[in-house]
Amino acid sequence: MHLRIYCLLFIVVLFLPMVQHTFSIPSSTPLMGKEEDPPEVKWSLAGWLNGSCQEQYGKRRASRLGLRGHLVKTHNQLHYSLFHRVVSTTSTNVIIGKDNWLYEKGYVDKLNTASKDDGAFIEGRVQQLRILQDKLKNLGIAFVFVIAPSKAELYPEFIPANLLKKPLPKGTTSDYQQARVALERQGINYVDTHTIFAREKQEKDYQLFGPSGVHWNKYGAYLAWVNLAPLVNDYIRVPLQIPALKRVESRTSELIEADLASLLNFWETDLTSPLTDYPVFADTPTAKTDKPSVLIVGDSFMFTLVDTVAKARLATDLDVWYYFKRHFKYPAQGDHINMDAPIETPLTKGSIDWQNQLFKKDLVILVATEIWLPELGFGFIEEALAAIERTSNRQTP
């Protein structure tokens, strides 16, 4: 009798994914992280014989399996709860460090890594950056470059000892060190948050990164704005008005400060809700016309800057070019931007509205994390210079 019941239960379990996929009972559990939807399988005799058709079908079927979210989370949770191990289900590999601090493996791998550049390539990119800075200034547009910091560089004390690398060999330099020298030599307006954060960490007891996130927290982004404003306010058409800081409060991490934990796709864990520090601004309402129009180009670190733009009411007109591949337009909401409703579109070279998205701006900010310094600008510098040149040629009689 018991055997029959067990067999029946086993059959029911086998059919549950099909029932969930067909009737959505129970409802699907979403997974965090970007996953590409496998393409439709294109059958061909050659594909069938070499096995590629079967492989494509298997991937597509697995991505549409009923209860997939439930099963993935259960699988990941068991590995963590029983073995304290992370099973990566996305392209981002997460490392659990001491005191449950999380790191993205790419940043840890880059720690204490000598530059592969002899100095000429980074120097050449920075020379182009200086040309762009000068041309933008001639157009009445302020420019500043922000080096976003690496959590692994600022908080190496929480990285597992077996993953720490020895300091750079004598006579070698990192990409960051090379970039610093080139930026100083070329006279670029830049904010080095690596140095700023290292000093802040020594002098104050505030966190600059959330324990469960890869990006600087909002207090760290606020410090970036504080150090950015003096570099541009002497020649920007509408100066940045950084509000006074009422206090810094420690509270449960928001999603952007706990993004690595969310990518682990657990059911429940103490990794997802650690405390981190947030700025609380004094109320300084200003008229809509008192705000500059801003364009930010860069990697994912700039989205915390954008959040600070909204919270501190620094701008009412903001465009963001993510890796110079996607455009986010943040609509105005009274005297500030609406962080929650950006209009997202692909960014292709032939479709960029340079007139409105660059030439009418008061301030252009380029953001690059330390690991992206060899890819400085992601193509933006060259394309912007070309657009300025085309505009100049049209205006020349």
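Computed from a predicted model, the values in this text were never measured in an experiment. One is the number of the first residue; the rest follow in order along the sequence.
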Original post:
Mind checking what makes side chain to side chain donor-acceptor pair (under 3.5 Å) contact with Gln186, not counting sequence neighbours?
Top reply: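 For Gln186, the residues satisfying side chain to side chain donor-acceptor pair (under 3.5 Å) (neighbours in sequence not counted) are Glu123.
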Original post:
Restricting to pairs with a member in residues 376-385, which pass salt bridge (Lys or Arg N to Asp or Glu O under 4.0 Å), not counting sequence neighbours?
Top reply: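 Found Arg125-Glu382, Lys349-Glu383.
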Subject >> Residue pairs involving residues 129-147 (criterion side chain to side chain donor-acceptor pair (under 3.5 Å); sequence neighbours excluded) >> reply: Arg130-Asp134
Original post:
Between Phe324 and Trp354, what is the ring plane arrangement, given parallel below 30°, perpendicular above 60°, and tilted in between?
Top reply: tilted
**OP:** Verify the cluster assignment for Val306 and Tyr278: are they in a single hydrophobic cluster under the rule of side-chain heavy atoms below 4.5 Å apart?
**Re:** no
Original post:
Say you draw a straight line from OG1 of Thr113 to CG of Leu111; how long is it, rounded to the nearest 0.5 Å?
Top reply: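 Reported to 0.5 Å precision, the distance equals 7.0 Å.
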Original post:
Mind checking what makes side chain to side chain donor-acceptor pair (under 3.5 Å) contact with Arg251, not counting sequence neighbours?
Top reply: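 Counting only residues at least two positions away or on another chain, Arg251 forms a side chain to side chain donor-acceptor pair (under 3.5 Å) with Glu249, Glu254.
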Subject >> salt bridge (Lys or Arg N to Asp or Glu O under 4.0 Å): pairs with one or both residues in residues 362-378, sequence neighbours excluded >> reply: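 Every salt bridge (Lys or Arg N to Asp or Glu O under 4.0 Å) pair that includes a residue of residues 362-378, provided the two are not neighbours, is Arg237-Asp362.
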Subject >> By side chain to side chain donor-acceptor pair (under 3.5 Å) - contacts of Thr172 (at least two apart) >> reply: none
Original post:
Can you name the residues that form a side-chain contact (heavy atoms from CB on, under 4.5 Å) with Asp307, not counting sequence neighbours?
Top reply: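 Asp307: side-chain contact (heavy atoms from CB on, under 4.5 Å) contacts with Lys218, Lys311, Met339.
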Original post:
Tell me, which pairs form a ring pair (Phe, Tyr, Trp, His ring centres under 6.0 Å) where one or both residues lie in residues 129-149, sequence neighbours left out?
Top reply: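 Those involving residues 129-149 do not exist here.
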Subject >> The single option from Asp317, Ile141, Asp319 passing side-chain contact (heavy atoms from CB on, under 4.5 Å) against Leu295 >> reply: Asp319
Subject >> Rounded distance [0.5 Å steps], CG in Leu102 versus CD1 in Ile95 >> reply: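 The CD1 atom of Ile95 is 10.0 Å from CG of Leu102, to the nearest 0.5 Å.
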**OP:** Keeping to residues at least two apart or across chains, list the salt bridge (Lys or Arg N to Asp or Glu O under 4.0 Å) pairs with something in residues 336-345.
**Re:**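 Only Arg326-Glu344 qualify under salt bridge (Lys or Arg N to Asp or Glu O under 4.0 Å).
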Original post:
Quick one: salt bridge (Lys or Arg N to Asp or Glu O under 4.0 Å) pairs with a partner in residues 149-158, sequence neighbours left out?
Top reply: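 As it turns out, the salt bridge (Lys or Arg N to Asp or Glu O under 4.0 Å) pairs with a partner in residues 149-158, which skip direct neighbours, are Glu157-Lys201.
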Original post:
ring pair (Phe, Tyr, Trp, His ring centres under 6.0 Å): which pairs involve residues 174-195, sequence neighbours left out?
Top reply: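 Listed by first then second residue: Tyr176-His194.
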**OP:** Please check if any side-chain donor atom of Glu257 sits under 3.5 Å from a side-chain acceptor atom of Trp216, or the reverse.
**Re:**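 No pair is found: no donor N or O on one side chain lies under 3.5 Å from an acceptor on the other.
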Original post:
Relative to the ring of Trp372, is the ring of Tyr323 parallel (under 30°), tilted (30 to 60°) or perpendicular (over 60°)?
Top reply: perpendicular
**OP:** Sequence neighbours left out, what passes side chain to side chain donor-acceptor pair (under 3.5 Å) with Asp259? Give chain and number order.
**Re:** His215
